[in-house]
Amino acid sequence: MRQTAPEDLPHLKEIFAIARKFMSETGNPGQWDENYPGDQLLREDMDNGDSYVIQKGNTIVATFVLRGGTDPTYNVIYDGQWLNDEPYAVIHRVASSGEVKGVIRVVLDFARRQYRNIRVDTHADNKVMQHLMQKEGFRYCGVIHCWNGTERLAYQYVQ
């Protein structure tokens with residue numbers, strides 16, 4: 001695992017295309033449209049030092065964002081509440097090529113080594129991620145609204 005570099009952008013775009021196809025095939029066609037995430041957002045993640053890739057040998061097989069600090073989309077939660085109000089990190093944009101199993105465990109282990117309090121959100125149709133979050137000890141907390149106004153199910157992990 002390493003931080004994402006600008007030259008990784010074409011590989012990330014391929015991985016996100018594969019992930020969007022998988023999501024659509026598993027009943028979640030609406031979480032990410034064909035242009036998400038855009039080049040500008042991916043570059044911002046890299047510039048902020050929040051974007052990571054997972055490699056098998058020299059091949060990038062997954063990517064994700066791990067960001068410490070407050071996420072404005074998590075300021076208001078509906079139909080529930082966060083487990084605490086302590087400082088937290090967020091995980092966003094987990095995507096895999098499908099070549100390696102257990103990517104989410106690698107991502108979460110990495111995050112847990114750095115943070116005791118982690119928040120994640122996912123689309124109501126993303127049953128795969130919902131299952132993985134519960135399996136990994138995250139608790140469902142309620143509903144948040146993304147920057148574009150769409151609803152997401154919110155989860156939190158506290159060590």
> Within the supplied structure, the quantity of interest is the number of heavy atoms (other residues, nucleotides, ligands) at a distance under 6.0 Å from Asp85 CG; does it exceed 12?
no
> Is the backbone N or O of Thr122 less than 3.5 Å from a side-chain atom of Asn126, with the two atoms forming a donor-acceptor pair by type?
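A pair under 3.5 Å: no.
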> Would you call the rings of Phe16 and Trp32 parallel, tilted or perpendicular, where under 30° means parallel and over 60° means perpendicular?
perpendicular
> Is the ring pair Tyr88/Trp82 parallel, tilted or perpendicular, if the boundaries are 30 and 60 degrees?
parallel
> Tell me the closest heavy-atom pair linking Ser97 and Ile15, and the distance in Å.
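Scanning both residues completely, I find the closest heavy atoms to be N-CG2, 4.0 Å.
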> With distance as the sole criterion, is a donor-acceptor pair present between the side chains of Tyr36 and Arg20 under 3.5 Å?
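Their side chains do not contain a donor-acceptor pair, so the 3.5 Å distance test is not met.
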> Report the distance from atom OH of Tyr157 to atom CD1 of Ile118, rounding to the nearest 0.5 Å.
7.0 Å
> Under the side chain to side chain donor-acceptor pair (under 3.5 Å) criterion, do Thr26 and Asn28 qualify, and how do the steps go?
CA-CA 6 Å; Thr26 56; Asn28 182 24; over 6 Å; no
> Once you round to the nearest 0.5 Å, how far does CG of Asn48 lie from CZ of Arg43?
14.0 Å
> Just so I know, are the side chains of Asp39 and Leu9 near enough to count as touching, which here means a heavy-atom distance under 4.5 Å?
yes
> Identify whether Met129 and Ile144 are in the same connected component of the hydrophobic contact network (ILVMFWY, side-chain heavy atoms under 4.5 Å).
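No, Met129 and Ile144 fall in different hydrophobic clusters.
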> Atom CD in Glu151, atom CG in Leu153: separation rounded to 0.5 Å?
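It comes to 8.5 Å.
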> Compare all side-chain heavy atoms of Val120 with those of Val90 and state whether any distance is below 4.5 angstrom.
no
> Please determine if Arg93 forms a cation-pi arrangement with Phe64, meaning its NZ or CZ atom is less than 6.0 Å from the six-membered ring centre and no more than 45° off the ring axis.
no
> Taking it one step at a time, do Gln156 and Asn84 satisfy side chain to side chain donor-acceptor pair (under 3.5 Å)?
CA-CA 9 Å; Gln156 186 172 5; Asn84 62 42; 3.2 Å; yes
> Can you see whether Asn148 engages Thr150 through a side-chain donor-acceptor pair at a distance of less than 3.5 angstrom?
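Yes - a donor-acceptor pair under 3.5 Å links their side chains.
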> Could you walk me through whether Gln134 and Gln130 pass the side chain to side chain donor-acceptor pair (under 3.5 Å) test, one step at a time?
CA-CA 6 Å; Gln134 292 174 346; Gln130 292 171 46; over 6 Å; no
> Would you say the side chain of Met1 lies within less than 4.5 Å of the side chain of Gln55, judging by non-hydrogen atoms?
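In short, these two side chains do not touch, never coming nearer than 4.5 Å.
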> Decide yes or no for Met23 and Asp125: does some side-chain heavy atom of the first lie under 4.5 Å from some side-chain heavy atom of the second?
no
> Could you pull out the closest heavy-atom pair between Thr63 and Ser51, with the gap in Å?
OG1-OG, 4.1 Å
> Thr59 versus Glu99: any side-chain heavy-atom pair under 4.5 Å?
yes
> Indicate if Ile54 and Leu12 have the same hydrophobic cluster label, given that clusters are the connected sets of ILVMFWY residues with side-chain heavy-atom separations under 4.5 angstrom.
no
> Can you tell me if Asn117 uses its side chain to pair, donor with acceptor, with the backbone of Pro87 under 3.5 Å?
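Yes.
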> Do you know which two heavy atoms are closest between Cys146 and Asp121, and how far apart they sit?
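The answer is SG-OD1, 4.3 Å.
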> Once you measure the plane-to-plane angle for His92 and Tyr74, does it fall in the parallel (<30°), tilted (30-60°) or perpendicular (>60°) bin?
tilted
> Count I, L, V, M, F, W, Y as connected when their side-chain heavy atoms are under 4.5 Å apart, and connections chain through other members. Are Leu132 and Ile18 then in the same cluster?
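In one cluster: no.
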> Within the structure provided, determine whether Asp109 and Arg113 are in side-chain contact (heavy-atom separation under 4.5 Å).
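Asp109 reaches Arg113 side chain to side chain.
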> Under a single-linkage definition using a 4.5 Å side-chain heavy-atom cutoff for Ile, Leu, Val, Met, Phe, Trp and Tyr, are Val61 and Val128 assigned to the same hydrophobic cluster?
yes
> Taking atom CD of Gln114 as the centre, report whether more than 12 heavy atoms of other residues, nucleotides or ligands fall under 6.0 Å from it.
yes
> Would you say the side-chain atoms of Arg116 pair up with the backbone N or O of Gln159, donor to acceptor, closer than 3.5 Å?
yes
> Sub-3.5 Å donor-acceptor pair from the side chain of Ser24 to the main-chain atoms of Lys21, do we have one?
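No, Ser24 side chain to Lys21 backbone: no donor-acceptor pair under 3.5 Å.
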> Decide if atom CZ of Phe110 counts as having more than 12 heavy atoms of other residues, nucleotides or ligands within a radius under 6.0 Å.
yes
> Please say whether more than 12 non-hydrogen atoms of neighbouring residues, nucleotides or ligands are located less than 6.0 Å from CD in Gln81.
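Atom CD in Gln81 is not crowded, with 12 or fewer foreign heavy atoms closer than 6.0 Å.
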> Should Leu108 and Ile91 count as side-chain neighbours, where that means a heavy-atom distance under 4.5 Å?
yes
> Could you list the residues that satisfy side-chain hydrogen bond (donor to acceptor under 3.5 Å, both in side chains) with Glu86, not counting sequence neighbours?
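So Glu86 forms no side-chain hydrogen bond (donor to acceptor under 3.5 Å, both in side chains) with any residue.
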> Determine, using the 4.5 Å side-chain heavy-atom cutoff (strictly less than), whether Val100 and Val107 are members of one ILVMFWY cluster.
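Hydrophobic grouping puts Val100 with Val107.
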> Would you say Asp8's side chain and His11's backbone share a donor-acceptor pair under 3.5 angstrom?
no
> How far does CZ of Arg152 sit from CD1 of Ile77, to the nearest 0.5 angstrom?
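Taking CZ in Arg152 and CD1 in Ile77, the distance rounds to 14.0 Å.
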> Tell me, do Val65 and Tyr52 make a side-chain contact under 4.5 Å, heavy atoms counted?
no
> Drop me the distance from Arg119's CZ to Arg67's CZ, to the nearest 0.5 angstrom.
14.5 Å
